[in-house]
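Following: one structure in structure tokens, then a few remarks.
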Amino acid sequence: MATVSLRNIYKNYDSKRGKVEAVKDLNLDIQDKEIMSLLGPSGCGKTSTLRMIAGIEKISKGQLYIDDTLANDLTPAQRNISLAFEDYALYFHLTVRENLSLCLEAKKLQEDVIQNKIKKVSEMLGIEDILNVKTTALSGGQQQRVSLARALVRDPSIFLLDEPISHIETEKRYKILAEIKKINREFGSTMLYVTHNQTEAVAVSKKIAIMNFAELQQVGTRDEIYNNPINLFVANFVGEPPINIMKCKIASERDVIQLQAENSTLTFIPEEKTAKLLHELHLNEVVLGLRPQNIHIKKLSNTQKSMKGITQVKEFLGEDINLILKNGDHNFSVFCTTDMGFDKGQELELYYDPYRLHLFHPETEKAIRA
Ligand code: ADP
Ligand code: MG
């Protein structure tokens, strides 16, 4: 069993530029055998968090529990954790096989046990052909696989993976993510997968923890985060193409609350409960978010409301299309799975569901939802 719990964890660095608060009051629970992704932009504190869990960076404040045991002062070895980093950290004067066997020899395992473990992991990661090659002779992608293999071969109870596939060719990345998931199932290990890439996070784990500026923003499944972002940052950070954001004035027309985007004819009607909440908050303005996937070219139900836009640009996303439209001062995107052949400058009537509108407080940027 291996659970990891972070309680009010802080990490401060003293650097030449002064004090850096890299992680602030972080609370996070990773369940036994779970893969959790830690997702966020560069510099938000992901690597610092991972290094504190591994025991190679001191925790400035707070408690780390591994299996209900306070682990702050345990050595990395006592924690039974394996790490794979973006920058490999391999022994370059050794062959791939020697890199993999080193940590197993330290555990005083039998030679045939060691070679069997190496065989299994190297087949999984497609490096069985290069086992006798010196790691200096390998490409960046191959070195990253070896680094991953070295973490996996130790069979620890916790894996910490920090951007482990960033140097691997795009088309091979998803195969490796599938292998990581398989390893998780077969070995029953608990994993924390650090990445700045939302597609990777969604592909590798059910649960995603999102960080920004040293702070945890939200933890949830892909759907929870996508459909109920807790604040404007999360709404903007997840979703491709990015969510449409518009500042709106709140107006009331015969008791119906309307959200009017400035200098355009875009008027949105929120669903009843949210409208009531907006009314109670006495706001004049609100930030509205509407995902490109939640605007439709055909009317799908009677509860849908309409909006207008003039087509500007068609962006091809593989087989899908991001159609960009304009209304007054606002550009917004609509996600289409088929090319309906619209010409530039054509006015379209579009449809959205009132309960798909995301509303955020203009100052706190927190979600407003009933
Ligand atoms: P991420 O992995 O999300 O990119 P990091 O945890 O590496 O973020 O860094 C978080 C912040 O801490 C950044 O501002 C970074 O510059 C700073 N930082 C990281 N390591 C050190 C260090 N050893 N000394 C000083 N500042 C650091
Ligand atoms: Mg990092």
Side-chain angles (χ1 to χ4, degrees), residues 4-30 35-64 71-72 75-76 79 81-90 140-141 143-148 150-151 158-168 170 173 176-177 180 190-205 207-220 222 225 229-238:
V4 180
S5 300
L6 285 75
R7 292 284 168 268
N8 311 101
I9 293 274
Y10 287 76
K11 179 69 206 177
N12 302 318
Y13 296 105
D14 286 315
S15 77
K16 282 180 200 137
R17 292 171 292 145
K19 189 179 136 184
V20 181
E21 197 164 51
V23 178
K24 200 172 157 186
D25 200 17
L26 178 60
N27 286 285
L28 194 64
D29 286 289
I30 313 169
I35 309 184
M36 182 180 280
S37 297
L38 188 56
L39 173 68
S42 178
C44 74
K46 304 182 296 296
T47 296
S48 300
T49 301
L50 187 130
R51 290 170 63 88
M52 285 190 284
I53 299 174
I56 50 179
E57 195 69 71
K58 200 172 153 7
I59 296 169
S60 304
K61 204 170 117 186
Q63 296 85 39
L64 167 73
N72 289 43
T75 63
R79 299 182 193 200
I81 285 176
S82 257
L83 285 154
F85 290 113
E86 181 179 7
D87 59 5
Y88 330 124
L90 297 171
Q143 286 176 355
Q144 201 155 42
R145 271 169 214 242
V146 175
S147 168
L148 198 53
R150 194 182 50 179
I158 302 167
F159 283 131
L160 304 174
L161 308 171
D162 193 354
E163 314 258 5
I165 58 167
S166 52
H167 298 283
I168 291 170
T170 317
R173 285 188 188 170
I176 298 218
L177 290 182
I180 290 175
T190 305
M191 290 189 177
L192 184 64
Y193 187 97
V194 164
T195 179
H196 65 277
N197 179 319
Q198 55 173 304
T199 321
E200 266 177 44
V202 168
V204 80
S205 67
K207 274 261 190 75
I208 302 169
I210 301 190
M211 276 183 90
N212 190 33
F213 288 137
E215 287 186 276
L216 183 69
Q217 307 287 310
Q218 187 168 5
V219 185
R222 181 252 179 221
I225 285 167
I230 199 157
N231 58 30
L232 192 55
F233 169 78
V234 174
N236 258 317
F237 194 71
V238 297

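Positions are given from 1 along the sequence. What you see below is based on every heavy atom in this structure, not just the backbone, and it leaves out hydrogens, waters and symmetry mates. One-based numbering, in listed order, for ligands and for the atoms of each. All figures in this text were calculated on a predicted structure; none of them were measured in a lab.
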Stepwise side-chain contact (heavy atoms from CB on, under 4.5 Å) check, Ile53 with Leu6: CA-CA 8 Å; Ile53 299 174; Leu6 285 75; 4.0 Å; yes
Does His196 form a side-chain contact (heavy atoms from CB on, under 4.5 Å) with Ser42? I'd like the steps, not just the answer. CA-CA 7 Å; His196 65 277; Ser42 178; 5.9 Å; no
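Few gaps surround OH on Tyr13; more than 12 heavy atoms of other groups in view lie less than 6.0 Å from it.
Here the side chain of Lys11 pairs no donor or acceptor atom with the backbone of Val20 at under 3.5 angstrom. Of the possible donor and acceptor atoms, one in the side chain of Gln144 sits under 3.5 Å from a partner among the backbone N and O of His167. Using modelled atom types, no side-chain atom of Thr195 and backbone atom of Ala201 make a donor-acceptor pair closer than 3.5 Å. Asn212 places no side-chain N or O within 3.5 Å of a backbone atom of Val234 that could act as its donor or acceptor partner.
Checked by distance only, ligand 1 and Gly45 come closer than 3.5 Å through their nitrogen or oxygen atoms.
Under a 4.0 angstrom heavy-atom cut-off, Gly40 registers as lying outside contact with ligand 1.
In this structure, atom 21 (C) of ligand 1 has protein heavy atoms in its sub-4.0 angstrom surroundings.
Near Cys44, meaning under 4.0 Å from any of its heavy atoms, are these atoms of ligand 1: 1 (P), 3 (O), 8 (O). Against a heavy-atom cut-off of under 4.0 Å, Ser48 is close to the following atoms of ligand 1: 5 (P), 6 (O), 9 (O).
From the protein, the heavy atom lying nearest to atom 16 (O) of ligand 1 is Arg17 NH2, 4.0 Å. Of the protein's non-hydrogen atoms, the one nearest atom 17 (C) of ligand 1 is Val20 CG1, 3.9 Å. Closest protein heavy atom to atom 7 (O) of ligand 1: Thr47 CB, 3.7 Å. In terms of protein heavy-atom proximity, atom 12 (O) of ligand 1 is nearest to Ala22 CB, 3.4 Å. When hydrogens are left out, the protein atom nearest atom 4 (O) of ligand 1 is Gly43 N, 2.6 Å; that is the closest non-hydrogen contact. Shortest contact from atom 27 (C) of ligand 1 to any protein heavy atom: Tyr13 CD1, 3.3 Å.
Put simply, Thr47 gets within reach of the Mg ion (ligand 2), with an N, O or S atom under 2.8 Å from it.
Rounded to the nearest 0.5 angstrom, Gln198 CD and Ile225 CD1 are separated by 10.0 Å.
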